[in-house]
Amino acid sequence: AKGAGTRGVVAHGEGTHPEAARPESRDNGAARGRADGAGDARRIDGSAVILASAGTGKTHTLTSRYIALLAGGAHPGQVLASTFTRKAAGEILSRVLERLALGATTGKGLEDLRAHADPALTRERCAELLRGLAARLDRARVLTLDAFFAQAARSLGPDAGVPSAWEMADESGDAALRERALEDTLGALPEEHALALLEAVARGLPAMPHERLMGTLDKAHAAFVECPEAGPWAWVDEQSARLRLEDVALRKAVRALERAEGLMPTNKNGEPDGRWLKAFNASIEAARAGEWQTFIGNGLASRVALAGEAREPAAYHRVEFPPALADAYAPLVAHARGVVLGEAGRRTRALHAMLAVFDDRYRARQRRAGVLRFDDVPRLLHQGLSGGEESASRVQRLYYRLDGALRHFLLDEFQDTSVLQFRAMEPLLDEALQGGGDGRSVLCVGDVKQSLYAWRGASPEVLAALPGRWPVL
């Protein structure tokens with residue numbers, strides 16, 4: 001679309017307002033446009049990432065781009081302007097309408113739009129754009145990411161595994177569904193698996209209140225949703241097997257440690273230090289009994305283990321280990337690590353098996369209730385938009401089922417985007433950024449230091465990684 005790329009300067013620093021060089025209208029823009037750090041100012045041209053703090057004119061920049069796109073011929077339904085709250089989305093749309101009205105009625109407003117949106121604008125053109133946008137407000141896509149995903153999910157429907165009729169679950173209703181799903185899961189699992197589950201979830205706690213149990217389960221289930229494949233959940237198995245000693249080697253290592261008693265530091269009387277001797281005897285007892293968690297969890301073995309991780313000499317009560325004594329401990333410390341890792345791997349595999357059942361039971365209850373959670377929607381979209389030979393056609397179906405092909409993306413507060421949300425957006429952004437000069441554009445704005453939605457999985461690293469994913473940004 002003509003005018004899809006605009007040039008300007010974004011000024012950074014608290015309380016400053018963007019000062020723009022006279023912009024140029026362009027048929028297509030795909031130039032680099034990152035602005036990093038307060039006080040730095042760089043031109044943005046076409047698709048860009050802007051890293052900017054609060055108070056630096058981000059809304060002004062977004063609305064300028066939106067108006068430039070309209071002036072270049074873009075239909076409101078072709079532009080997605082998203083942020084993370086309905087209030088902020090309303091502010092963006094209100095500012096667009098207000099600035100067009102000022103451009104149509106005041107010299108100062110027109111001068112501002114000419115400087116930051118399109119130098120060819122006139123009062124008559126501003127009035128025309130204002131009337132056109134007002135007549136198409138129902139088609140304008142200035143909304144939250146959650147609202148966009150909900151629209152997209154309803155458009156894709158069964159293609160994304162979304163029920164034909166659904167609504168967003170409220171917190172209490174969803175909690176009840178998850179509790180019933182947990183009961184279904186425990187009833188479906190063999191008793192030993194159910195016990196392993198409770199051990200894995202509540203390990204280290206003498207008692208776990210119901211709310212804490214469900215909160216821990218929610219976190220584990222979120223990890224399962226991110227990675228449902230069994231392989232990554234069993235990553236410790238190979239490491240555990242590599243560290244553990246065979247029976248003959250283990251007995252040899254225990255005997256070698258028993259003979260190392262004379263290597264301990266001595267007191268002024270030439271006798272073994274009492275504190276060292278007590279800890280040494282506890283190590284021998286634990287090793288003989290095969291209590292490897294106890295062996296490595298405290299005393300001399302724990303100091304050897306920690307020193308190995310820190311790559312510095314081991315010490316106990318501020319006395320450095322004699323090298324030969326540390327060497328005697330080393331193979332048993334490695335074996336203990338392998339055993340402890342193996343036990344953790346067993347619990348993790350049991351937890352994964354349980355989570356797979358829980359996910360199945362929970363999704364079934366969701367379908368019967370006709371509800372979804374906020375994070376379910378981008379997950380289903382990602383599944384519907386990615387993978388296999390049908391990926392491209394699914395993207396195209398999404399474009400047209402949203403009642404008009406999306407060609408421009410203005411994404412505010414992108415530091416609050418979760419990995420799951422990014423995955424759902426990625427095919428759309430990829431299509432826009434690799435359009436081969438067809439006038440599409442992407443503008444992402446945010447501040448990695450201002451993420452507010454960690455409780456919903458926000459990942460500021462996504463914003464910082466965009467230029468690496470798409471060098472055109």
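Keep in mind the model is a prediction, meaning the values are calculated, not measured. Sequential numbering from 1 along the given sequence is applied to the chain's residues.
Side-chain contact between Val442 and Val49 is absent, with no heavy-atom pair separated by less than 4.5 Å. No side-chain heavy atom of Asp118 sits less than 4.5 Å from a side-chain heavy atom of Ile67. The closest side-chain heavy-atom distance from Tyr66 to His408 is not below 4.5 Å. Contact annotation: the side chain of Phe422 approaches that of Phe414 to within less than 4.5 Å [non-hydrogen atoms, C-beta and beyond]. Side-chain contact check for Leu121 versus Leu129: some heavy-atom pair is nearer than 4.5 Å. Annotation: side chain of Leu406 is in contact with side chain of Phe148 (closest heavy-atom distance under 4.5 Å). A 4.5 Å side-chain heavy-atom check between Cys444 and Thr417 finds every atom pair outside the cut-off. Contact check for Lys108 versus Leu102: no side-chain heavy atoms found under the 4.5 Å cut-off.
A pairwise comparison of heavy atoms in Pro427 and Ala424 identifies CD-O, 3.6 Å as the closest pair. Shown here for Leu243 and Ala334, the closest heavy-atom pair between the two residues is CB-O, 3.4 Å. Across all their heavy atoms, Ala48 and Leu473 have their closest contact at N-CD2, 3.4 Å. The two residues Pro467 and Leu463 come nearest to each other via the heavy atoms CD-O, 4.0 Å. Here the closest non-hydrogen pair linking Ala140 and Leu133 is CB-CD1, 4.4 Å. Considering every non-hydrogen atom in both Ser64 and Ala117, the closest pair reads O-CB, 3.7 Å.
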* To do: Could you give me the CA-CA distance, side-chain angles and deciding distance for Leu80 and Met425, then say whether side-chain contact (heavy atoms from CB on, under 4.5 Å) is met?
  => CA-CA 12 Å; Leu80 171 64; Met425 290 287 296; 4.2 Å; yes
* Asked: Run the side-chain contact (heavy atoms from CB on, under 4.5 Å) check on Met214 and Leu182 step by step: do they pass?
  -> CA-CA 9 Å; Met214 294 306 300; Leu182 178 57; 3.8 Å; yes
* Full working for side-chain contact (heavy atoms from CB on, under 4.5 Å) between Gln366 and Arg373 -> CA-CA 9 Å; Gln366 279 187 310; Arg373 284 168 40 133; 4.3 Å; yes
* Carefully, step by step, assess Arg178 and Leu217 under the rule side-chain contact (heavy atoms from CB on, under 4.5 Å). => CA-CA 9 Å; Arg178 295 174 80 80; Leu217 177 62; 5.6 Å; no
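Taking CD of Gln421 as the reference point, atom CG of Asp375 lies at 9.0 Å (rounded to 0.5 Å). Atom CG of Leu433 sits about 11.0 Å away from atom CG of Leu428, to the nearest 0.5 Å. Interatomic distance, CG of Leu429 versus OG of Ser47, reported as 9.5 Å (0.5 Å rounding). In this structure, Leu411 CG and Ile50 CD1 are separated by 11.5 Å, a value rounded to the nearest 0.5 Å. Rounded to the nearest 0.5 angstrom, Arg65 CZ and Leu410 CG are separated by 7.0 Å. The CZ atom of Arg440 lies 5.0 Å from the CD atom of Glu431; values are rounded to the nearest 0.5 Å.
When the options Val371, Val377, Asp376, Asp174 are evaluated for a side-chain contact (heavy atoms from CB on, under 4.5 Å) with Met168, the one that passes is Val377.
Partners of His221 according to the ring pair (Phe, Tyr, Trp, His ring centres under 6.0 Å) rule, which considers only residues two or more places apart in sequence or in another chain, are Phe358, Tyr362. Taking Thr294 as the reference, nothing meets the side-chain hydrogen bond (donor to acceptor under 3.5 Å, both in side chains) condition, with sequence neighbours excluded. Arg365 is linked by a salt bridge (charged side-chain N to carboxylate O under 4.0 Å, His left out) to Asp184, counting only residues two or more places apart in sequence or in another chain. For the salt bridge (charged side-chain N to carboxylate O under 4.0 Å, His left out) test, residues two or more places apart in sequence or in another chain that qualify with Arg125 are Glu128. Scanning for salt bridge (charged side-chain N to carboxylate O under 4.0 Å, His left out) contacts around Arg469 gives Glu426, Asp430, with sequence neighbours left out. Phe224 is linked by a ring pair (Phe, Tyr, Trp, His ring centres under 6.0 Å) to His352, counting only residues two or more places apart in sequence or in another chain. In this view, Glu111 satisfies the side-chain hydrogen bond (donor to acceptor under 3.5 Å, both in side chains) rule with no residue, not counting sequence neighbours. The side-chain hydrogen bond (donor to acceptor under 3.5 Å, both in side chains) check on Thr83 picks up nothing, with sequence neighbours excluded. Scanning for salt bridge (charged side-chain N to carboxylate O under 4.0 Å, His left out) contacts around Glu179 gives an empty result, with sequence neighbours left out. In this structure Arg131 satisfies the side-chain hydrogen bond (donor to acceptor under 3.5 Å, both in side chains) test with no other residue, sequence neighbours excluded.
With hydrogens and angles ignored, the 3.5 Å screen pairs a side-chain donor or acceptor of Trp233 with a backbone N or O of Cys227. Between the side chain of Arg114 and the backbone N or O of Leu110, no donor-acceptor pair lies under 3.5 Å. Put simply, the side chain of Ser240 never gets that close to the backbone of Val236: no donor and acceptor are under 3.5 Å apart. For the pair Arg95 (side chain) and Leu62 (backbone), a donor-acceptor distance under 3.5 Å is absent. With hydrogens and angles ignored, the 3.5 Å screen pairs a side-chain donor or acceptor of Arg99 with a backbone N or O of His60.
Thr144 and Asp146 form no side-chain donor-acceptor contact under 3.5 Å, judged by distance and modelled atom types alone.
For the salt bridge (Lys or Arg N to Asp or Glu O under 4.0 Å) condition, the pairs that include at least one residue of residues 228-240, sequence neighbours left out, are Asp237-Arg349. Residue pairs satisfying the salt bridge (Lys or Arg N to Asp or Glu O under 4.0 Å) criterion with at least one member in residues 80-90, sequence neighbours excluded, are absent.
Using a cutoff of 4.0 Å between basic side-chain nitrogens and carboxylate oxygens, Arg363 and Asp359 are scored as salt-bridged.
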